[in-house]
Q: 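Take this structure first; my questions come after.
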Amino acid sequence: METTLLYGKEGLKLNLPENTFVVEPNNLPGVENKEQAILDALRNPIGAPSLKESVKATDKVAIVISDITRPTPNDVLVPLLIEELDHVPLENFVIINGTGTHRDQTEEEFVQMLGQWVVDHIKIVNNHCHDLDSLVNVGRSKFGCDVYLNKDYVEADFRIVTGFIEPHFFAGFSGGPKGIMPGIAGIETIMTFHNARMIGDPRSTWGNMVDNPVQEMTREINAMCKPHFMLNVTLNREKEITNVFAGELYEAHDKGCAFAKEHAMIRCKERFDVVITSNSGYPLDQNLYQAVKGMSAAHKIVKEGGSIIVASECSDGLPDHGNYSKIFQFAETPQELLDLINDPDFKMFDQWQVQKQAVTQVWADVYVYSKLTDEQVKGAILMPTHDIEKTLEELKEKYGPEMTIAVLPLGPLTIPYVEERRGSVVG
């Protein structure tokens with residue numbers, strides 16, 4: 001059978017055995033008129049007055065966006081927000097790029113993300129999590145840290161958070177309050193949010209919003225300096241908008257998560273020897289750091305001792321910025337990495353991504369198909385593959401001729417799960 005994985009901007013075609021189980025949600029069509037759908041949501045929001053009547057002409061308005069590693073259609077959302085608030089002078093707007101611990105975006109990238117007109121007319125800032133002068137302390141979290149948020153955001157009269165809602169490997173779902181925490185937070189707050197205990201909690205997982213400590217913390221921090229308005233969308237595999245959720249932060253986000261969960265949760269009867277996954281293609285598969293999400297999605301349905309093959313282009317490398325690649329230098333095996341990260345004395349930002357990767361690798365072997373060099377892949381304690389179909393043939397020697405295979409063409413846009421006989425969800 002032929003299937004196409006989301007990979008880079010072009011996709012990756014594979015010929016797989018006919019008995020391969022394809023795990024993907026129904027591909028919902030994009031809305032007929034995305035601009036009108038967004039304007040309708042802004043004018044008839046969930047649990048809040050319309051956007052226009054909520055903002056005074058004299059207000060300083062902050063719009064938080066997700067960074068370039070997310071496929072949020074900022075080039076559609078942001079101009080429509082500004083258009084709807086046409087009674088507010090352009091100089092009163094500030095767009096804050098929610099980088100978290102990621103790198104700054106360049107002007108060229110902002111043009112790609114927002115369009116030339118926005119770049120030319122609206123103030124845009126990158127959040128700098130390490131720069132205390134650009135942050136404000138808004139309180140203390142019950143999880144044990146001071147809470148720092150972006151100064152431009154805190155000092156705005158009206159705060160808007162944008163984003164898109166998809167399954168998330170430890171927060172349950174993305175979007176909503178995650179745009180603020182960790183998007184525009186300070187490093188101390190981000191480190192607590194991603195500490196080994198929080199990330200290692202079994203409730204911090206795909207699709208779980210009920211008792212998830214990560215989601216609980218992000219909502220607690222949002223409440224300290226709450227966005228006045230949320231605008232989120234859901235997307236299909238072509239990155240087209242399938243639905244729009246706008247209004248009061250928690251109520252609108254909950255409705256968006258329920259919608260995404262209904263279409264993204266895919267039940268599997270049993271685990272598989274081999275799971276092939278993408279990392280949702282560009283922009284999410286720009287680096288190996290982000291590819292951990294695809295690995296984690298496959299972990300949900302691969303057998304213990306099985307193998308995962310993740311196809312992630314990694315056009316931006318490991319990446320070069322941050323500590324992700326550095327942490328691998330402190331250990332030789334995934335278990336040693338976990339032991340290191342679980343040591344309370346060890347604290348390095350980006351450790352959370354290595355922790356999720358190591359948890360997956362302790363359970364199953366992980367192969368990476370990418371543009372990285374073999375040296376780069378092996379340096380991250382992973383195994384390179386340059387031919388997925390050939391690797392499958394080689395794995396038959398390990399698992400036998402009855403080897404079972406699943407493929408996640410959309411990667412972490414899907415939440416696969418296995419239901420045990422007694423009805424409990426595992427993985």
Side-chain angles (χ1 to χ4, degrees), residues 58-70 72 74 78 81-82 88-111 113-114 118-163 177-195 198 217-229 249 289 319-324 326-327 347-353:
T58 55
D59 281 348
K60 300 289 185 182
V61 179
I63 301 173
V64 179
I65 64 170
S66 48
D67 75 357
I68 201 168
T69 65
R70 305 294 190 267
T72 310
N74 297 307
V78 173
L81 284 168
I82 295 169
V88 178
L90 295 182
E91 59 267 23
N92 283 18
F93 288 96
V94 59
I95 296 169
I96 306 166
N97 188 33
T99 53
T101 60
H102 304 165
R103 66 172 175 84
D104 284 3
Q105 260 68 88
T106 64
E107 182 174 345
E108 181 181 356
E109 287 172 330
F110 278 135
V111 171
M113 293 164 62
L114 294 160
V118 172
V119 172
D120 289 344
H121 291 87
I122 307 296
K123 177 184 176 182
I124 306 172
V125 298
N126 288 293
N127 184 64
H128 293 142
C129 67
H130 297 280
D131 179 16
L132 275 177
D133 290 339
S134 66
L135 303 166
V136 176
N137 187 326
V138 296
R140 186 164 180 84
S141 168
K142 67 181 181 181
F143 290 89
C145 65
D146 287 333
V147 176
Y148 290 91
L149 296 177
N150 183 278
K151 189 174 183 179
D152 284 301
Y153 170 82
V154 174
E155 294 181 351
D157 300 306
F158 196 87
R159 301 180 290 270
I160 301 170
V161 62
T162 66
K178 271 192 93 268
I180 306 304
M181 178 65 230
I184 59 166
I187 189 62
E188 177 186 342
T189 318
I190 292 173
M191 288 295 291
T192 300
F193 182 69
H194 291 92
N195 70 30
M198 296 278 280
M217 182 175 175
T218 192
R219 291 189 170 213
E220 175 210 24
I221 288 173
N222 271 259
M224 294 179 185
C225 189
K226 189 180 174 185
H228 298 97
F229 199 89
L249 177 68
Y289 172 98
D320 294 334
H321 61 274
N323 291 323
Y324 171 75
K326 297 180 179 69
I327 295 172
K347 289 185 176 66
M348 285 184 75
F349 74 86
D350 291 341
Q351 69 181 50
W352 46 88
Q353 213 80 349

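Each residue takes its place number in the sequence, starting with 1.
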Q: Taking the side chain as C-beta and beyond, is there a heavy-atom pair between Ile65 and Leu114 under 4.5 Å?
A: yes
Q: Indicate yes or no: at least one non-hydrogen side-chain atom of Val136 is less than 4.5 angstrom from one of Asn150.
A: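 They are not in contact (no side-chain heavy atoms under 4.5 Å apart), so the answer is no.
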Q: Between atom CG of Leu90 and atom CG of Asp120, what is the distance when rounded to the nearest 0.5 Å?
A: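 Taking CG in Leu90 and CG in Asp120, the distance rounds to 11.5 Å.
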Q: Among all residues two or more places apart in sequence or in another chain, which pass the salt bridge (Lys or Arg N to Asp or Glu O under 4.0 Å) test with Glu109?
A: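 Applying salt bridge (Lys or Arg N to Asp or Glu O under 4.0 Å) to Glu109 gives Arg103.
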Q: Considering non-hydrogen atoms only, spot the tightest contact between Asp59 and Val88 and give its length.
A: O-CG1, 3.8 Å
Q: Which pair of heavy atoms, one from Gln353 and one from Tyr324, lies closest together, and at what distance?
A: CB-CD1, 4.2 Å
Q: Would you name the heavy atoms of Pro319 and Tyr289 that are closest together and state the gap between them?
A: CD-CB, 3.8 Å
Q: Closer than 3.5 angstrom, by distance alone: can the side chain of Tyr148 be matched with the main-chain N or O of His130 as a donor-acceptor pair?
A: no
Q: Nearest 0.5 Å, please: how far is SG in Cys145 from CD1 in Ile190?
A: 10.5 Å
Q: State plainly whether the residues Asp157 and Lys60 are in salt-bridge range, i.e. N to O under 4.0 Å.
A: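 Salt bridge flag = no for Lys60 with Asp157.
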Q: Got a second to check how far Glu91's CD is from His121's NE2, nearest 0.5 Å?
A: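 Here the interatomic distance stands at 11.5 Å.
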Q: Can you find a pair of side-chain heavy atoms, one from Thr189 and one from Ile221, that are under 4.5 Å apart?
A: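 Yes, at least one pair of side-chain atoms sits under 4.5 Å.
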Q: Is the positively charged end of Arg159 above the ring of Phe229, judged by distance under 6.0 angstrom from the centroid and angle within 45° of the axis?
A: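 Not flagged: Arg159 not positioned over aromatic ring of Phe229.
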Q: How many angstroms lie between CG in Asn74 and CE in Met113, if you round to the nearest 0.5 Å?
A: 5.0 Å
Q: Identify the two heavy atoms, one from Met217 and one from Ser141, that lie closest to each other, and give their separation to 0.1 Å.
A: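 Shortest heavy-atom contact: CE-OG, 4.1 Å.
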Q: Would you give the length of the straight line joining atom CD1 of Ile160 to atom CD1 of Ile96, rounded to the nearest 0.5 angstrom?
A: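 Going from the CD1 atom of Ile160 to the CD1 atom of Ile96 covers 11.0 Å.
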Q: Could you walk me through whether Cys129 and His102 pass side chain to side chain contact (heavy atoms under 4.5 Å, CB included), step by step?
A: CA-CA 9 Å; Cys129 67; His102 304 165; over 6 Å; no
Q: Distance only, no hydrogens: is a donor on one side chain within 3.5 Å (strictly under) of an acceptor on the other, for Asp104 and His128?
A: yes
Q: Working to the nearest 0.5 Å, report the span between CH2 of Trp352 and CD1 of Ile327.
A: 8.0 Å
Q: Do Leu249 and Pro177 come within less than 4.5 Å of each other through their side chains, counting heavy atoms only?
A: yes
Q: Closest approach of Phe143 and Thr192, non-hydrogen atoms and distance?
A: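 Minimum heavy-atom contact is O-CG2, 3.6 Å.
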Q: Assess the residue pair Ile95 and Lys123 against the criterion (side chain to side chain contact (heavy atoms under 4.5 Å, CB included)); give the C-alpha distance rounded to whole Å, side-chain angles, the decisive distance to 0.1 Å, and a yes or no.
A: CA-CA 6 Å; Ile95 296 169; Lys123 177 184 176 182; over 6 Å; no
Q: Does Val64 reach the side chain of Asn127, with side-chain heavy atoms less than 4.5 Å apart?
A: no
Q: Quick check on the 6.0 Å ring-centre criterion: do His194 and Phe349 meet it?
A: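 Centroid distance His194-Phe349: not below 6.0 Å, so no.
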Q: Does a side chain donor of either Asn97 or Asp67 reach within less than 3.5 Å of an acceptor in the other side chain?
A: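 Asn97 vs Asp67: no donor-acceptor pair found between side chains.
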Q: Report the C-alpha distance between Gln351 and Met191 in whole Å, list the side-chain angles of each, state the deciding distance to 0.1 Å, and finish with yes or no for side chain to side chain contact (heavy atoms under 4.5 Å, CB included).
A: CA-CA 9 Å; Gln351 69 181 50; Met191 288 295 291; 4.3 Å; yes
Q: Give the C-alpha distance, both sets of side-chain angles, the deciding distance and a yes or no for side chain to side chain contact (heavy atoms under 4.5 Å, CB included) between Val119 and Ile124.
A: CA-CA 7 Å; Val119 172; Ile124 306 172; 4.1 Å; yes
Q: List the atom of Thr99, the atom of Gln105, and the distance in Å for their closest heavy-atom pair.
A: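 Looking at all heavy atoms of both residues, the shortest contact is CG2-OE1, 4.4 Å.
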Q: Could you tell me if the side chain of Asn222 sits less than 4.5 Å from the side chain of Pro227, heavy atoms only?
A: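 Answer yes - side chains close enough.
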Q: Could you tell me whether the side chain of Glu188 and the main chain of Asp146 form a donor-acceptor pair under 3.5 Å?
A: yes
Q: Answer whether the closest heavy-atom distance between the side chains of Val138 and Val154 falls below 4.5 Å.
A: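 Answer yes - side chains close enough.
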